[in-house]
Amino acid sequence: MADQNFDDIAHKFHKNIYGTTKGKLRHELLCRHLSRYLPSQPQTILDAGGGTGVMTAHLASLGHQVTLLDVSKESIAVAKQHISEPSVTYQHGEIHEVQQQFNVVVCHAVLEWLVDPHSAIIHLFDRVEDGGILSLSFFNKDAAVYSNLLYGNFDYVRSGLKRKNTVRLNPNCPLSPQTVMEWVRALPGQLEHVAGIRCIHDYMQKDHAKITYEELVEMELQYGVTEPYQWLGKYFHIIIRKR
């Protein structure tokens, strides 16, 4: 096995993820949660595995100095096409190759594509300056199991969410939030935030035209930090502050 590289499909990935309500909602919820922990003054930020640069662009628009790191050259090229902020720098390479430190490190929707997500978390935490934060978001294996049980995909669940045919846009290594939280609690830091991302949207019936997007965001923000609903989020979000 190898870490996922989105070369050759970066444009497709960008369209399939961020050209949908699901992608838009995931991004907005992460931005809203993260905003509570970002200082107003400019920060140095690493967007680790930043892909096509959607989060990078948002953070740069707030006045931060952002480094977009990704293993995919094509993803970086796509990012450069739509990011105009001069405060963004681009770095092609793997997470373990980063040696400089930052006030803030974000790693969103990346861990589930890595062969060894645990070591990546440790390395990224080491890249955070004292007092800074590490923001992690990842595909929730427990929610994936539950949703497939609801769909009646019992054989897929029995297989451990393993497909016979490889789907390059299907996460290689979905993670249980409890497992990641155990890893994070072992680090010399303070766990400051946990939230489910898309705890409601992905379970709604198709006919919900009466519900506005703004109402959905409001309820997602409320129940995403409320037990037991937060554990149903298709993605999970954790923020840890380095001591």
Side-chain angles (χ1 to χ4, degrees), residues 3-6 27 30-73 75-77 79-80 83-138 173 175 177 179-195 197 235-243:
D3 294 345
Q4 178 70 62
N5 186 320
F6 290 102
H27 175 67
L30 287 171
C31 291
R32 296 276 288 271
H33 286 305
L34 186 57
S35 67
R36 297 168 49 209
Y37 299 91
L38 285 177
S40 57
Q41 63 269 29
Q43 302 288 293
T44 57
I45 301 180
L46 172 66
D47 189 0
T52 57
V54 174
M55 181 59 72
T56 293
H58 168 72
L59 294 170
S61 72
L62 300 177
H64 302 297
Q65 300 286 327
V66 188
T67 297
L68 190 161
L69 168 77
D70 204 274
V71 72
S72 167
K73 289 183 178 180
S75 294
I76 292 175
K80 289 180 177 180
I83 296 178
S84 58
E85 287 80 1
S87 60
V88 175
T89 58
Y90 302 88
Q91 185 172 336
H92 173 246
E94 299 182 357
I95 285 174
H96 289 88
E97 296 174 348
V98 180
Q99 297 302 320
Q100 63 267 43
Q101 288 193 305
F102 300 84
N103 303 131
V104 176
V105 174
V106 300
C107 183
H108 295 165
V110 177
L111 297 175
E112 61 266 30
W113 302 102
L114 304 181
V115 173
D116 189 356
H118 188 188
S119 66
I121 291 174
I122 294 173
H123 183 77
L124 289 174
F125 188 73
D126 287 342
R127 306 279 67 78
V128 179
E129 295 182 351
D130 291 346
I133 62 171
L134 171 63
S135 175
L136 301 171
S137 180
F138 52 90
C173 183
L175 298 165
T179 297
V180 178
M181 289 174 68
E182 288 179 8
W183 296 343
V184 167
R185 288 191 177 107
L187 299 172
Q190 177 65 41
L191 183 62
E192 295 205 344
H193 164 84
V194 295
I197 303 296
Y235 286 79
F236 208 76
H237 187 210
I238 294 174
I239 293 178
I240 180 173
R241 187 173 301 277
K242 192 170 186 178
R243 297 193 184 109

> Relative to each other, are the rings of His58 and His27 parallel, tilted or perpendicular (30° and 60° limits)?
Replying inline: perpendicular
> With sequence neighbours left out, what residues match Glu192 under salt bridge (Lys or Arg N to Asp or Glu O under 4.0 Å)?
Replying inline: Arg241
> Do Ile95 and Val110 have side chains that get closer than 4.5 Å, going by heavy atoms?
Replying inline: yes
> Quick one: ring-ring contact (aromatic ring centres under 6.0 Å, His included) partners of His108, sequence neighbours excluded?
Replying inline: His237
>> Is it the case that the side chain of Asn103 and the backbone of Thr44 share a donor-acceptor pair, with hydrogens and angles ignored and the cut-off at 3.5 Å?
In response: yes
> Is any side-chain heavy atom of Glu85 closer than 4.5 Å to a side-chain heavy atom of Val66?
Replying inline: no
>> Contact between Leu34 and Ile133 at the side-chain level, heavy atoms closer than 4.5 Å - yes or no?
In response: yes
>> Is there a side-chain contact between Cys107 and Phe138 in this structure, where contact means two heavy atoms from C-beta onward sitting under 4.5 Å apart?
In response: no
> Side-chain contact, heavy-atom cut-off 4.5 Å: Leu30 with Tyr235?
Replying inline: no
> Which pairs, with at least one residue in residues 113-132 and sequence neighbours excluded, count as a salt bridge (Lys or Arg N to Asp or Glu O under 4.0 Å)?
Replying inline: none
> If every non-hydrogen atom of Gly53 is compared with every non-hydrogen atom of Leu68, which pair is closest and at what distance?
Replying inline: CA-CD1, 3.4 Å
> In chain order, what residues pass the side-chain hydrogen bond (donor to acceptor under 3.5 Å, both in side chains) check against Arg185, with sequence neighbours excluded?
Replying inline: none
>> Suppose we screen for side-chain contact (heavy atoms from CB on, under 4.5 Å). Which residues come up paired with Val194, at least two apart in sequence or across chains?
In response: Met181, Leu191, Gln230, Phe236, Ile238
> So, Asp70 side chain and Ser75 main chain: donor-acceptor pair closer than 3.5 Å or not?
Replying inline: no
> Under the side-chain hydrogen bond (donor to acceptor under 3.5 Å, both in side chains) test, which residues partner Gln100, sequence neighbours left out?
Replying inline: Gln91
>> I need the Leu124 CG to Leu69 CG distance, nearest 0.5 Å.
In response: 8.5 Å
> Checking His193 side chain against Ser135 main chain: does a donor-acceptor pair fall under 3.5 Å?
Replying inline: no
>> Please check this pair: side chain of Gln43 against backbone of Gln41, looking for a donor-acceptor N/O pair closer than 3.5 Å.
In response: yes
